[in-house]
Amino acid sequence: MNILVVGDAARYEELQQKGLGSHRVRWVQNLDIVTLPGSFDLVIDLVLDDVLSHAAVYAKAPAVPVLAGLAKTSLSELMHAYAFSYGFNIIACNWLPGFINRPVTETAILDEEQKPVLDSLMQQLGWQYALVQDSVGMVTPRVVSMIINEAYYTTEAGTATRSAIDTAMKLGTNYPYGPFEWAQHIGIKHVYDILTAVHTATGDERYRVCSLLQQEAQKQ
């Protein structure tokens, strides 16, 4: 396949570690310099979450499927916000930093008609995937962000230090990282965005952002 990858250098490096096989790849940080559909068979947009205007470009090239980083909004919201008059070609993936190079890629589709396309793409890429419901925050980003938020509340209350919380979580749950280590890998601004989006969508108080976390996110 001819693959166009759109995103920042750090996430592209993590994608390369995941592996793109022998496919021909062009990497750009700015979608504006590329004309679609061109000769591309697939677009991997690592940053659609943060540059939603990319969707307007993809809507004009419906023949090219897009594996898009989309955890801060949902596919249904995206479809209603942009004019996908000729077919919806976006498949949501968890492309947040720290989650890209994982054995199983978390994905979501808008409807069952996209399933054969997703199956074919993942087979060609040699990737395993898990299909989750189309919702803001997906599953893993939502859960991990909530854990990080609770850790910030605990620190804010003076109950335990960050290093103690990280150690306790790793020992108690066998997680690869503690909450604050996860926050560093993902980026605190991304965690803040996920929590804010999920809280807005659900009204669930578990996702109300801790003021300490919010302060650190705003500094970035």
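Along the sequence shown, residues are numbered consecutively beginning with 1. A quick note: this is a predicted structure, and the numbers were derived from the prediction, not measured.
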**Message:** Run the side-chain contact (heavy atoms from CB on, under 4.5 Å) test on N101 and L15 for me, step by step, so that the C-alpha distance in whole Å, both residues' side-chain angles and the decisive distance to 0.1 Å come before the verdict.
**Reply:** CA-CA 6 Å; N101 184 22; L15 184 68; over 6 Å; no
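- Taking 4.5 Å as the limit, some side-chain heavy atom of V43 sits within range of a side-chain heavy atom of L36.
- If you look at W95 and Y12, their ring centroids are not closer than 6.0 Å.
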**Request:** Take N94 and V139 through the side-chain contact (heavy atoms from CB on, under 4.5 Å) test and state the conclusion after the steps.
**Result:** CA-CA 9 Å; N94 179 9; V139 174; over 6 Å; no
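- When atom types are taken as modelled, the side chain of E216 and the backbone of I188 share no donor-acceptor pair closer than 3.5 angstrom.
- Between R206 and E150, no side-chain nitrogen of the basic residue sits less than 4.0 Å from a carboxylate oxygen of the acidic one, so the salt-bridge criterion is not met.
- Checking side-chain atoms of E106 against main-chain N and O of C93 turns up no donor-acceptor pair under 3.5 Å.
- Both tests do not hold together for R26 against F40: distance to the six-membered ring centre under 6.0 Å, angle to the ring axis within 45°.
- If you take CD on Q184 and CZ on R162, they are separated by 9.0 Å, rounding to the nearest 0.5 Å.
- Under a hydrophobic clustering in which Ile, Leu, Val, Met, Phe, Trp and Tyr are joined whenever their side-chain heavy atoms come within less than 4.5 Å, directly or via other members, L75 and F99 fall into different clusters.
- For the pair T161 (side chain) and A164 (backbone), a donor-acceptor distance under 3.5 Å is present.
- Of all heavy-atom pairs spanning A92 and M138, the tightest one is O-CE, 4.2 Å.
- Using a 4.5 Å cut-off between side-chain heavy atoms of Ile, Leu, Val, Met, Phe, Trp and Tyr, with links allowed through other members, I100 and W182 fall into different hydrophobic clusters.
- For the residue pair I148 and A183, the shortest heavy atom distance occurs at CD1-N, 3.7 Å.
- Atom CD of E156 is surrounded by more than 12 heavy atoms from other residues, nucleotides or ligands within 6.0 Å.
- A distance-only check finds no donor-acceptor pair linking the side chain of Q123 to the backbone of L118 [under 3.5 Å].
- If you take NZ on K115 and CD1 on I91, they are separated by 10.5 Å, rounding to the nearest 0.5 Å.
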**Request:** Report the C-alpha separation of V28 and L4 in whole Å, then their side-chain angles, then the decisive distance to 0.1 Å, and conclude whether the side-chain contact (heavy atoms from CB on, under 4.5 Å) test is met.
**Result:** CA-CA 8 Å; V28 299; L4 173 66; 3.9 Å; yes
For residues 60-72, dump all side-chain donor-acceptor pairs below 3.5 Å to protein atoms at least two apart in sequence or in another chain.
from : atom 1 : to   : atom 2 : distance (Å)
K72  : NZ     : D50  : OD1    : 2.6
K72  : NZ     : H190 : ND1    : 2.9
K72  : NZ     : D193 : OD2    : 3.0

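- Linking Ile, Leu, Val, Met, Phe, Trp and Tyr whenever their side-chain heavy atoms come within less than 4.5 Å puts L125 and V117 in one cluster.
- Side-chain atoms of S74 and S76 include a donor-acceptor pair closer than 3.5 Å.
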**Message:** One pair to check against side-chain hydrogen bond (donor to acceptor under 3.5 Å, both in side chains): S120 and Q124. What are the steps and the verdict?
**Reply:** CA-CA 6 Å; S120 176; Q124 292 179 73; 3.1 Å; yes
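- V136 and L131 end up in different hydrophobic clusters when Ile, Leu, Val, Met, Phe, Trp and Tyr side chains are linked at under 4.5 Å.
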**Request:** Show your reasoning for whether side-chain contact (heavy atoms from CB on, under 4.5 Å) applies to D166 and Y177.
**Result:** CA-CA 7 Å; D166 278 344; Y177 306 113; over 6 Å; no
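- Taking the charged nitrogens against the carboxylate oxygens, E205 and R208 do have a contact shorter than 4.0 Å, which makes a salt bridge.
- For CD of Q17, the number of neighbouring non-hydrogen atoms (other residues, nucleotides, ligands) closer than 6.0 Å is greater than 12.
- Residues passing the ring pair (Phe, Tyr, Trp, His ring centres under 6.0 Å) test with Y129, sequence neighbours excluded: none.
- In this structure a side-chain-to-backbone donor-acceptor pair under 3.5 Å is present from H23 to M1.
- One distance of note links CG of L195 with OG1 of T200; it measures 10.5 Å at 0.5 Å rounding.
- Under the 3.5 Å distance criterion, the side-chain polar atoms of Q128 are left unmatched by any main-chain donor or acceptor of V104.
- Interatomic distance, OG of S53 versus CG of D32, reported as 7.5 Å (0.5 Å rounding).
- Closest approach of N149 and C210 over heavy atoms only: OD1-N, 2.9 Å.
- The heavy-atom pair separating A151 from I165 by the smallest distance is O-CD1, 3.7 Å.
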**Prompt:** Could you walk me through whether K170 and E181 pass the salt bridge (Lys or Arg N to Asp or Glu O under 4.0 Å) check?
**Reply:** CA-CA 10 Å; K170 286 188 287 187; E181 291 172 329; 3.1 Å; yes
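- The heavy-atom pair separating V47 from G7 by the smallest distance is CG1-CA, 3.9 Å.
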**Request:** Could you walk me through whether Y152 and F180 pass the ring-ring contact (aromatic ring centres under 6.0 Å, His included) test, one step at a time?
**Result:** CA-CA 8 Å; Y152 267 89; F180 295 101; 4.9 Å; yes
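- For the atom pair L78 CG and D134 CG, the distance stands at 9.5 Å (nearest 0.5 Å).
- Closest approach of I194 to S145, counting heavy atoms only: CG2-OG, 3.5 Å.
- No option in D45, L46, L48, V57 other than D45 meets the side chain to side chain contact (heavy atoms under 4.5 Å, CB included) test with V6.
- The structure places CG of L110 at 10.5 Å from CD1 of I90, a figure rounded to the nearest 0.5 Å.
- Between the D41 side chain and the N2 main chain, a donor and an acceptor come within less than 3.5 Å of each other.
- The hydrophobic cluster containing W27 also contains V51, counting ILVMFWY residues as joined when their side-chain heavy atoms lie under 4.5 angstrom apart, directly or transitively.
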